[in-house]
Student: 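Have a look at this one.
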Amino acid sequence: MTDAAKHPSRDRFFGLPVRPLTRRRLDNFTANRRGFWSLWIFLALFGTSLFAELIANDRPILIRYDGAIYAPFLKVYAETEFGGEFPTEADYTDPFVVRLIEEKGWIWWPPIRFRYDTNITDLDAPAPSPPTTRNWLGTDDQSRDVVARVIYGFRISVAFGLILTLFSSIVGIAVGAVQGYFGGLIDLIGQRLIEVWGGMPVLFILIILASIVPPTFWLLLGLLLLFSWTALVGVVRAEVLRGRNFEYVKAARALGVPNATIMFRHVLPNAMVATLTFLPFITSGALITLTSLDFLGFGLPAGSPSLGELLKQGKDNLQAPWLGITGFVVISVMLTLLVFVGEAVRDAFDPRKTQR
C-alpha cells in the first residue's frame, strides 16, 4: 500500500487537491519547525494588529443609550445625542459625558483606552512617564501611550512592507522576464541601466526627496518602489535565460505561440521557484528602510504611529529606557520572524531536501 493510500488526507491541503511536488514542499516547510511556528506567530501578531481600533482606542466600541446602540469607533456622534449641551463630537474621556451615558445605558470600552495619538493629560509623572497598570509600557515624550503606538505602528509597518514587496516584485519579475527571454540588445541595455540605477545612494536620495515633498504613506511607498524593484531582476533574468532554451519552449515557438504567452505561462512559473525564496527577505528590507527613514525624521508624517519614531524617542530620552527597549524588542522580533520564515521557504523550494 502506498503512502498516499495510507494517508489520503495528505493529498489535500485545506480541502484543495495537492500535487506530489507541492506536498513535498509543504513537508519541507513544516519540517523547519522554527520557520513554521514563526509564520504562525507573525500571522497572529499581524492579524491582531488589524483590529487595533478594537484593542486600543479612546472611543468606546459600543454604547447602549436610551434603547439605541451606537458604535463610536466607527462613526462620530455629537454630544447632544447623549443628552449633552454641545453639538460637537462627544468626548468620551469627559466624566460628564460618561455619566450621561451610564444614566440611561452602558459603555463597552476596548482593553486599552488610548489611541496612538491620544494625549493623556492626567499622568502621575511628567512625560515620558514610566510603565504603570494603566499605561503598560509607559508613555512617550508627547504623553501618548506606548502600547497603543506599538500596535498601530506594527500594523502600518507590516502593511507597508507587504505592499511594497508586492508591487516591487511585480515590476522586478516583469523586467527580469523580458530581459531573460529576449536577451541580446534588450538584455544588454537593461543590465547597464540597472547597474547605474542600483548604484545610486538610495537612502540619501530618499532623504532629499522626502525633505522636498511632504511625505505621506503612498508617496513614501512610491519613492521606495522606484529603487526596490531591482532586487528580483537578476534572479528572474537568470532563470528565464536558462528556461528559454528548453525543448518545450522551442516547440511552443515553432507552433507560433505568442512570446507573451510563452514567457508568462511556460517559462516564468519555473523561475518563480527561486523568486519566492527572496520575498520574506525583501519584506524585512522594506521594514528596515521605513524604520530608518522614520528614525531620521524623513519617513511617515509627524504624529503617525511609527516604530522608527519610537526608537528616536528612546535616543532622545535616555532617562526613559522603556522607549528604546520597547522599540528594539518589537523590531527585533518582527525581523527575526521574517528571517526564520524566509529560511523555511528556502528549504521548501530546495530540491535537495527530502523529508521522509
Side-chain angles (χ1 to χ4, degrees), residues 14 22 25 29 35 38-52 152-180 190 194 197-198 202-203 205-206 209-210 215-240 260 263-265 267-294 299-300 304-308 331 334-346 348-349:
F14 287 103
T22 305
R25 290 171 178 170
F29 181 84
S38 296
L39 176 62
W40 283 110
I41 294 173
F42 182 81
L43 291 177
L45 293 175
F46 181 56
T48 302
S49 68
L50 292 178
F51 302 95
Y152 284 88
F154 183 86
R155 179 177 67 178
I156 196 171
S157 297
V158 175
F160 185 92
L162 293 178
I163 295 174
L164 182 61
T165 301
L166 174 63
F167 285 108
S168 61
S169 299
I170 292 174
V171 177
I173 290 172
V175 173
V178 171
Q179 284 187 217
I194 290 177
W197 192 252
V202 178
L203 188 60
I205 293 176
L206 290 174
L209 293 176
T216 62
F217 180 89
W218 296 107
L219 178 61
L220 194 60
L221 185 69
L223 293 177
L224 287 174
L225 179 60
L226 292 176
F227 302 97
S228 62
W229 61 270
T230 58
L232 291 176
V233 173
V235 179
V236 177
R237 170 181 171 271
E239 291 294 326
V240 175
M263 188 190 314
F264 292 101
R265 191 171 181 179
V267 179
L268 198 56
N270 293 328
M272 292 301 296
V273 172
T275 303
L276 290 174
T277 60
F278 284 88
L279 295 184
F281 302 104
I282 294 176
T283 303
S284 62
L287 294 175
I288 293 173
T289 304
L290 177 64
T291 303
S292 302
L293 290 174
D294 289 335
L300 296 172
S304 301
S306 168
L307 300 179
I331 295 174
M334 180 171 55
L335 296 180
T336 301
L337 292 176
L338 284 173
V339 170
F340 287 164
V341 172
E343 291 178 352
V345 173
R346 182 187 59 194
F349 288 95

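Bear in mind that the values here come from a model prediction, so they are computed numbers and not experimental data.
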Student: Ignoring hydrogens, what is the shortest heavy-atom contact between Leu50 and Arg155? Give both atom names and the distance.
Tutor: O-NH1, 3.4 Å

Student: State, to 0.1 Å, how close Met334 and Val158 come at their nearest heavy-atom pair, and which atoms those are.
Tutor: SD-CG2, 3.7 Å

Student: Do Ile156 and Leu290 touch side chain to side chain, with heavy atoms closer than 4.5 Å?
Tutor: no

Student: Got a second to check how far Leu162's CG is from Ile282's CD1, nearest 0.5 Å?
Tutor: 12.0 Å

Student: Look at the side chain of Ser306 and the backbone N and O of Gly308, then say whether any donor-acceptor pair between them is shorter than 3.5 Å.
Tutor: yes

Student: Would you indicate whether Phe167, at its atom CZ, is surrounded by more than 12 heavy atoms from other residues, nucleotides or ligands within a distance under 6.0 Å?
Tutor: no

Student: As an exercise, state the distance from CZ of Phe160 to CG of Leu300, rounded to the nearest 0.5 Å.
Tutor: 7.0 Å

Student: For Phe281 and Val345, run side chain to side chain contact (heavy atoms under 4.5 Å, CB included): C-alpha distance rounded to whole Å, both residues' side-chain angles, the deciding distance at 0.1 Å, then the answer.
Tutor: CA-CA 11 Å; Phe281 302 104; Val345 173; over 6 Å; no

Student: What heavy-atom pair brings Pro215 and Gly299 nearest, and what distance separates the two atoms?
Tutor: CG-O, 3.0 Å

Student: Hey, what do you get for CG (Leu287) to CG (Leu307), rounding to the nearest 0.5 Å?
Tutor: 8.5 Å

Student: Checking Thr283 now: which residues fulfil side-chain hydrogen bond (donor to acceptor under 3.5 Å, both in side chains) with it, not counting sequence neighbours?
Tutor: Thr165

Student: Give the minimum heavy-atom separation between Val233 and Gly172, together with the two atoms involved.
Tutor: CG2-O, 3.6 Å

Student: Can you name the nearest heavy-atom pair linking Trp229 to Ile194, along with the distance?
Tutor: CH2-CG1, 4.2 Å

Student: For Phe42 versus Phe154, what's the shortest heavy-atom pair and its separation?
Tutor: CE1-CZ, 4.4 Å

Student: In the structure I gave you, are the side-chain heavy atoms of Gln179 and Val236 within less than 4.5 Å of one another anywhere?
Tutor: no

Student: Would you indicate whether the side-chain heavy atoms of Leu276 and Leu279 approach each other to under 4.5 Å?
Tutor: yes

Student: Could you give the distance from CD1 (Ile41) to CZ (Phe340), rounded to the nearest 0.5 Å?
Tutor: 10.0 Å

Student: Quick one: CG on Leu226 to CD1 on Ile205, what's the gap to the nearest 0.5 Å?
Tutor: 9.5 Å

Student: Taking side-chain hydrogen bond (donor to acceptor under 3.5 Å, both in side chains) as the test, write out the residues that go with Ser157, two or more places apart.
Tutor: none

Student: In Å, rounded to the nearest 0.5 Å, how long is the span from CG of Leu164 to OG of Ser228?
Tutor: 4.0 Å

